[in-house]
2 protein chains.
Amino acid sequence: MGESSGRRGGRRAARNPLSRAEVIDAALRYVDLHGLDALTMRALATEMGVYPTALYWHTGTKAQLVAAVSARVLEDIVLPADHGMAWDEWLTEVARLCRQAMHRHPNLAPILGSQLVVSTTAVPFAERVVGVLERAGFSGRDLVEVYNAVVGFVLGWVTLELSSVPADVEEGWQKEYAAQLRTVNPNTFPALTRNLSLLENNAFLVRWDSGRDRPMDGSFETALELLLLGLHAKLTAQ
Amino acid sequence: MGESSGRRGGRRAARNPLSRAEVIDAALRYVDLHGLDALTMRALATEMGVYPTALYWHTGTKAQLVAAVSARVLEDIVLPADHGMAWDEWLTEVARLCRQAMHRHPNLAPILGSQLVVSTTAVPFAERVVGVLERAGFSGRDLVEVYNAVVGFVLGWVTLELSSVPADVEEGWQKEYAAQLRTVNPNTFPALTRNLSLLENNAFLVRWDSGRDRPMDGSFETALELLLLGLHAKLTAQ
DNA sequence: ACCTGAACACCGTTCAAGT
DNA sequence: ACCTGAACACCGTTCAAGT
């Protein structure tokens with residue numbers, strides 16, 4: 001693999017032009033490696049051995065490129081077949097697959113969670129989930145709201161799990177925060193004090209490591225369990 | 001109110017110096033008015049009638065300022081008293097209060113949802129929720145995981161609800177997307193086709209307006225109902 | 001303590017020009 | 001069709017200097 005053949009190292013053969021898919025893939029790799037803030041039209045261009053403005057031809061504006069990248073992440077969720085599988089099993093499995101896909105690209109979670117999906121790539125996903133919920137016994141307005149409850153829970157929860165501190169802030173405040181928690185007044189914070197060893201760095205608002213480094217597997221499974229218990233209860237109630 | 005007295009309009013009296021709280025409040029107002037992307041150290045500075053570098057003295061780096069602003073939003077959630085109130089009622093009420101607080105500052109939702117809370121202002125919140133869940137009957141590892149399930153659901157779900165399209169992308173693709181949905185193949189997308197009138201622009205992944213403009217009240221209430229049904233079921237199961 | 005003012009090393013994006 | 005190359009109007013941040 002001589003220098004002359006490849007496209008890496010900022011070098012490019014004069015022939016074989018870029019493609020839209022190539023740019024999107026390169027951007028995803030770049031974000032995975034260097035973080036979302038580091039993604040720059042100029043940086044990505046040099047990485048690809050091309051002038052910054054060449055990217056505009058293929059993927060448009062930076063915002064459009066980022067939207068395309070986030071759509072790409074959803075694309076490689078392959079849903080399991082749902083015939084011969086209980087609806088609740090299937091939903092559980094799909095929820096875990098979504099979480100896995102997001103965990104594969106934790107630096108993109110802020111976009112996944114806060115940006116409206118602009119692509120039709122998610123339509124097959126919606127179809128399958130709606131179909132399975134229909135099969136479970138939901139219909140009409142209930143169906144829509146249950147769908148939103150489920151999808152919003154999964155994507156939203158994992159977004160929060162993967163949230164992290166901006167590179168700038170995280171100097172030494174983690175230790176500081178941990179110390180502050182341990183010296184909290186037991187009279188004004190009795191519940192926290194009782195459960196501190198279990199809570200600290202394991203619970204939302206009382207942790208300092210991202211779910212990217214400290215996955216909250218147990219809590220996700222519990223949340224999923226609660227959701228499915230709720231779905232069953234709602235079905236038997238009506 | 002003459003021009004000489006105020007601090008608005010890019011003018012400032014030479015006396016009465018800035019304060020940290022003043023900068024944070026101004027930044028929050030600015031984000032509410034002009035969006036998160038528009039928040040710029042330079043823009044905020046001119047808004048406050050001051051040089052950009054003056055802000056650094058009070059709130060540090062831009063990332064630190066944004067973190068402080070997001071902490072401020074959580075701060076003005078005032079939790080109701082929980083004595084003489086069933087635990088499930090209280091949780092429902094608190095969930096709604098959180099959602100309301102986020103809806104008051106929709107432009108900040110991306111930060112709330114994707115950035116680890118770096119301040120101790122959320123500690124009292126955690127104390128109260130943990131305490132109420134203890135009272136409900138949870139303890140030990142279960143308590144922590146149920147806490148995470150609940151908090152992650154509320155904050156995460158609303159983050160997703162408030163997600164929106166970046167200013168750049170939203171040219172005319174909404175109509176285009178709506179049209180594409182309506183011409184979808186009924187054979188490959190039967191469930192979607194059956195429920196299209198209820199789903200379109202109302203369901204995650206199949207909508208083009210943000211929850212900021214089109215609040216998903218019903219779906220949030222359903223999600224909350226499912227969560228509480230789940231909690232009750234889990235309690236009676238053990 | 002609090003702010004000015006200049007300066008540095010970046011950005012995204014437009015547009016004409018090349019091939 | 002696809003890319004170069006220059007140019008424009010911005011950024012965040014550091015740092016010395018003022019008061």
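Chain identifiers are assigned alphabetically (A, B, ...) following the order of the sequence lines, protein sequences preceding nucleic acid strands; residue numbering begins at 1 within each chain.
Aromatic pair B:Tyr51/B:Trp57: centroids not less than 6.0 angstrom apart.
Contact check, A:Tyr56 against C:dT13: a side-chain N or O comes under 4.0 Å of OP1 or OP2.
Under the Watson-Crick or G-U wobble criterion, with both distances below 3.5 Å, D:dT19 is paired with C:dA1. With a 3.5 Å ceiling on both atom-pair distances, the Watson-Crick or G-U wobble partner of D:dG12 is C:dC8.
Among C:dC3, D:dT13, C:dT13, the nucleotide with an atom closest to any side-chain atom of A:Asp168 is D:dT13. Listed candidates were C:dA1, C:dG12, D:dT13. Nearest to the side chain of A:Met41 is C:dG12. When distances are taken from the side chain of B:Val50 to each of C:dT13, D:dC3, C:dC3, the shortest belongs to C:dC3. Listed nucleotides C:dC11, C:dT13, D:dG12 differ in distance to A:Thr40; the shortest reach to its side chain belongs to C:dC11. Which of D:dT13, D:dC3, C:dC11 sits closest to the side chain of B:Arg42 comes down to D:dT13. Looking at the side chain of A:His58, the nearest of the listed nucleotides D:dC3, D:dT13, C:dT4 is D:dC3.
Salt bridge annotation for A:Arg99-A:Asp217: present, with a cationic side-chain nitrogen under 4.0 angstrom from a carboxylate oxygen. The pair A:Arg29-A:Glu47 does not meet the salt-bridge criterion, since no charged nitrogen lies less than 4.0 angstrom from a carboxylate oxygen. A salt bridge between B:Asp76 and B:Arg72 is present, with a side-chain N of the basic residue lying under 4.0 Å from a carboxylate O of the acidic one.
A:Thr53 comes within 4.0 angstrom of a nucleotide base, judged by non-hydrogen atoms across all strands.
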